[in-house]
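Indexing begins at 1, ligand by ligand and atom by atom, following the structure's order.
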Amino acid sequence: MCGIFCMFEANSHDADNCLCTYNCIQPTVNRRGPDYHSSVTLDFENHSFVFGASVLWLQGKEMTKQPVENEQSVFIFNGDIFGGTSIPSDVRKNFGDTIPLLHLLEKSEDVIDDLMNLQGPYSFVYLNKKRSKLYFGRDPYGRRSLLIGMKDSAILLTSVATRMLDIKCVELPAVGIFTYSLETGEVELLPWPFRHSNFKEKVSELETILNKTIKLQQNLELAHHTFINPTDNYLQYPLLSPDCIFSNLLNDARFFQNVQQLEVLLEKAIEKRIATQPAFCHKCIKSRNPCIHSTTGVLFSGGVDCAILALLADKYCSKHCSIDLLNVSFSGNAPDRQTGLQTLDELKQIRPERKWNFVEINVKESELNLERERRIADLIYPLNTILDDSLGCALWFASRGQTESYVSPCRVLLVGMGADELFGGYTKHRAALKRGGWQALHEALEIDWQNISFRNLARDDRVVSDHGRQLRTPYLDEEVVEFVRSLNCWERTCPSDNLQQGVGEKVLLRSLAYHLGLKKAASLRKRALQFGSRIANSKENAHDVSARLKL
Ligand SMILES: Nc1ncnc2c1ncn2[C@@H]1O[C@H](COP(=O)(O)OP(=O)(O)OP(=O)(O)O)[C@@H](O)[C@H]1O
Ligand SMILES: NC(=O)CC[C@H](N)C(=O)O
């Protein structure tokens with residue numbers, strides 16, 4: 001993952017202030033991109049700028065260095081363009097995504113339209129000198145981090161910050177692309193063509209931080225999918241075994257069509273996310289020696305979401321390479337260790353030729369406390385709850401991929417984020433159905449989807465990228481999301497008393513797992529990362545501010 005940093009100050013010809021902040025954050029920014037790092041200092045139109053970037057090379061035949069600077073532009077980019085019509089795929093294959101994206105922005109008449117025609121996660125900062133404008137933003141789902149803060153007249157934009165900084169930061173809301181005019185100092189928002197329910201709250205939080213009114217031209221409609229009731233006694237299979245239920249469902253032509261469509265789209269999403277990387281692992285990339293080490297890994301609890309990812313990854317990883325399955329536990333026999341080993345057996349049976357590296361990552365409390373203080377709390381910042389602490393720490397250790405005898409050489413990690421929001425996997429979805437029927441479940445899913453970019457995605461990106469690895473989330477692929485969100489809630493999930501736990505919730509995804517041969521994993525009950533790994537104390541209130549994250 002690349003690390004990006006930009007700080008600029010109005011009415012200034014001296015970058016010392018900005019450089020001072022850069023020096024403080026630079027080591028953390030650089031950890032995100034181990035292949036290259038550099039910075040650019042600029043005095044332009046009565047503003048002083050510092051741009052910094054570190055690169056994890058993933059696209060193109062050669063690495064693209066950053067910041068990219070030419071007569072017209074300075075550009076820093078963290079992300080992956082995987083598809084869409086604005087940049088042809090053969091161009092990306094040869095030249096990577098950074099330069100073509102810059103060219104697109106340089107000639108763009110309608111930035112939002114051009115970006116909406118791209119697929120993939122990103123955040124960027126782009127100075128267009130001709131237009132005297134700085135553009136910055138995150139992709140519409142908010143899959144990459146970008147923080148914003150202000151001190152006096154200086155504005156900071158960075159992938160990561162530290163708690164020590166004398167600048168209060170917030171996550172830049174993924175609501176559109178922002179522009180800053182060097183001529184007037186005005187900040188404008190070019191919004192994505194839909195609006196989340198918390199749009200206003202997020203924009204006004206930003207106005208407080210910047211101490212400016214943000215100009216917004218369009219007044220957008222709230223993005224909301226309409227609700228339709230199921231017509232028949234949909235999914236009424238009480239008291240049957242999971243095997244019978246899945247077999248029945250897969251024999252239902254209408255249901256099976258959705259399973260097949262999901263399989264096609266998810267495979268495509270995984271294929272792109274595996275194919276788009278150089279054919280070298282972390283250890284061998286410097287020498288460029290072709291290797292058979294793992295380049296792709298899966299954060300692996302053994303649960304249904306990541307089991308599907310691992311099985312489909314097998315199809316697209318070189319048959320000579322191993323695949324790392326990284327499994328973290330904060331107590332020897334944590335539930336996720338048991339399910340991890342169980343699903344490993346299933347994968348081995350289905351794909352016996354593959355070398356599956358099940359990496360047992362055991363974390364002692366002393367090490368957890370040390371690393372949280374030394375590093376993880378800064379990565380989680382500005383989020384600060386007990387839940388952020390548990391998830392952030394668990395993900396950091398899982399993605400470090402380190403045991404006493406092994407360090408994972410993967411540069412790309414697949415994770416199952418987004419599956420529960422899209423397919424309805426949380427206990428609260430069961431509660432909503434019980435409380436208010438399908439309509440309430442539909443609304444709960446809408447809210448979860450609208451919140452996903454603010455809740456966890458940027459934090460997860462900051463934490464995993466600290467190991468110089470790229471987090472990739474196939475369930476959050478645009479085509480997968482569009483398809484799943486086009487379905488009625490009752491076609492995706494059925495957390496009713498008629499279908500037992502471990503079958504009804506995420507029933508569409510579980511049916512796909514069963515169809516692929518993951519017959520045991522298909523009906524494993526959900527165990528959230530913080531409980532499955534035993535990092536969390538269930539007596540604490542997950543939404544309270546965490547004292548452990550304070551300086
Ligand atoms: N103990 C663990 N070790 C490593 N990775 C994990 C672990 N637990 C969860 N993950 C990763 O984090 C993702 C999201 O976690 P979440 O808590 O939503 O898990 P989940 O719903 O139980 O998913 P799954 O069905 O894949 O277990 C998982 O899909 C997986 O990639
Ligand atoms: N990891 C990144 O964000 C780098 C940007 C770009 N996709 C590249 O591979 O060069």
Side-chain angles (χ1 to χ4, degrees), residues 1-4 32-36 53-60 62-66 68 75-82 92 95-101 120-124 144 159 276-278 297-310 324-330 334-340 343 358-361 363 390-391 394-395 397-399 401 411-421 423 425-426 456 460-461 464-465 468-475 502 505-506 509-510 513 518 521-522 524-536:
M1 196 88 51
C2 297
I4 59 179
R32 293 173 62 95
D35 299 326
Y36 181 81
S54 64
V55 178
L56 174 71
W57 166 36
L58 287 163
Q59 298 218 20
E62 294 299 326
M63 179 183 68
T64 308
K65 296 177 177 174
Q66 296 195 43
V68 184
F75 184 50
I76 46 178
F77 168 60
N78 165 215
D80 272 312
I81 303 305
F82 287 126
R92 278 189 283 116
F95 304 105
D97 48 358
T98 310
I99 300 290
L101 178 58
Y122 55 81
S123 57
F124 69 79
R144 293 288 172 261
S159 305
T276 312
Q277 59 173 312
V298 182
L299 294 192
F300 190 73
S301 63
V304 62
D305 310 349
C306 59
I308 293 176
L309 298 184
D324 283 3
L325 304 175
L326 307 180
N327 179 279
V328 71
S329 163
F330 294 82
D336 279 356
R337 179 60 46 82
Q338 295 161 38
T339 47
T343 304
F358 186 74
V359 185
E360 301 193 26
I361 301 155
V363 186
S390 303
L391 295 177
L395 269 181
F397 281 103
S399 53
R411 289 162 63 85
V412 167
L413 295 177
L414 302 178
V415 288
M417 271 77 185
D420 289 305
E421 287 78 0
F423 294 95
Y426 292 123
N456 48 341
D460 298 345
D461 168 56
V464 173
S465 306
R469 308 186 204 276
Q470 181 99 329
L471 171 85
R472 285 183 170 163
T473 51
Y475 291 109
E505 62 277 7
K506 298 192 271 197
L509 194 64
R510 290 178 183 283
L518 290 161
L524 285 173
R525 283 174 65 164
K526 181 185 166 59
R527 243 189 233 107
L529 166 58
Q530 69 274 27
F531 298 120
S533 66
R534 289 248 165 93
I535 191 173

Could you work out, for atom 8 (N) of ligand 1, the closest of Ile535, Leu529, Val328 by heavy-atom distance?
Leu529
Between the main-chain N or O of Ile4 and the side-chain N or O of Ser159, is there a donor-acceptor pair closer than 3.5 Å?
yes
What are the two closest non-hydrogen atoms of Asp305 and Asp420, and how far apart are they?
OD2-OD2, 3.8 Å
Is ligand 2 under 4.0 Å from a heavy atom in the side chain of Gln470, in the backbone, in both, or in neither?
side chain
For atom 8 (C) of ligand 2, the option (of Val55, Ile76, Asp97) bearing the nearest heavy atom
Asp97
The atoms of ligand 2 lying under 4.0 Å from a heavy atom of Asp80, numbered in the order shown, are 7 (N)
Among Ser123, Gly33, Gly3, Gly79, whose heavy atom sits nearest atom 5 (C) of ligand 2?
Gly79
Output yes when a side-chain donor or acceptor of Arg510 lies under 3.5 Å from a complementary backbone atom of Glu505, and no otherwise.
yes
Taking every heavy atom of Leu56 against every heavy atom of Cys2, the minimum-distance pair comes out as N-SG, 3.6 Å
How close does the nearest protein non-hydrogen atom get to atom 31 (O) of ligand 1, and which residue and atom is it?
Leu299 O, 2.6 Å
Between Glu421 and Tyr426, the two heavy atoms sitting closest are OE2-OH, 2.9 Å
What protein heavy atom sits nearest atom 23 (O) of ligand 1, and how far away is it?
Asp305 OD2, 3.2 Å
Heavy-atom nearest pair, Pro121 first then Arg144, reads CG-NH2, 3.4 Å
Quick one: look up the protein heavy atom nearest atom 24 (P) of ligand 1 and list residue, atom name and how far away it is.
Ser301 OG, 3.4 Å
Got Thr276 and Arg92 here, is their nearest side-chain heavy-atom distance under 4.5 Å?
no
For Ala528, take its heavy atoms, then give the atoms of ligand 1 lying under 4.0 Å from any of them.
17 (O)
Distance (rounded to the nearest 0.5 Å) between Lys526 NZ and Lys506 NZ
5.0 Å
Looking only at non-hydrogen atoms, which of Arg525, Lys526, Glu360 approaches atom 20 (P) of ligand 1 most closely?
Lys526
For Leu58, which part has a heavy atom under 4.0 Å from ligand 2: side chain, backbone, both, or neither?
both
If you draw a 6.0 Å radius around CZ in Phe95, do more than 12 non-hydrogen atoms from other residues or ligands fall strictly inside?
no
Backbone N/O of Phe77 and side chain of Gln66: donor-acceptor pair under 3.5 Å:
yes
Best match, Ser159, Gly60, Cys2, Gly96: closest heavy atom to atom 2 (C) of ligand 2:
Cys2
Mind checking what makes side chain to side chain contact (heavy atoms under 4.5 Å, CB included) contact with Thr339, not counting sequence neighbours?
Asp336, Leu524, Arg527
Taking non-hydrogen atoms only, is Asp336 closer than 4.0 angstrom to ligand 1 via side chain, backbone, both or neither?
side chain
Distance to 0.1 Å, residue and atom name: give those for the protein heavy atom nearest to atom 14 (C) of ligand 1.
Met417 CE, 4.1 Å
Polar atom proximity, Leu414 to ligand 1 (N or O, under 3.5 Å)
no
Tell me whether Asn78 has any N or O atom under 3.5 angstrom from an N or O of ligand 2.
yes
Under 4.0 Å to a heavy atom of Gln59 - the qualifying atoms of ligand 2, by number
7 (N), 8 (C), 9 (O)
Any idea which heavy atoms bring Tyr475 and Phe423 closest together, and the distance?
CD2-CE1, 4.0 Å
Which of the atoms in ligand 1, numbered in the order shown and given with their element, are less than 4.0 Å from a heavy-atom of Leu326?
3 (N), 4 (C), 5 (N)
Does any N/O atom on Cys306 come nearer than 3.5 Å to any N/O atom on ligand 1?
yes
Go through ligand 1 atom by atom and flag the ones less than 4.0 Å from a non-hydrogen atom of Asp420.
18 (O), 21 (O)
Show your reasoning for whether side chain to side chain contact (heavy atoms under 4.5 Å, CB included) applies to Asn78 and Asp461.
CA-CA 11 Å; Asn78 165 215; Asp461 168 56; 4.2 Å; yes
Where on Arg527 is there a heavy atom closer than 4.0 Å to ligand 1, on the side chain, on the backbone, on both, or on neither?
backbone
Non-hydrogen atoms of Asn327 and Phe300 that approach each other most closely
ND2-O, 2.8 Å
Have a look at ligand 2 and work out which part of Ile81, if any, has a heavy atom under 4.0 Å from it: side chain, backbone, both or neither.
neither
Report, in ascending order of atom number, the atoms of ligand 1 lying under 4.0 Å from any heavy atom of Lys506.
21 (O)
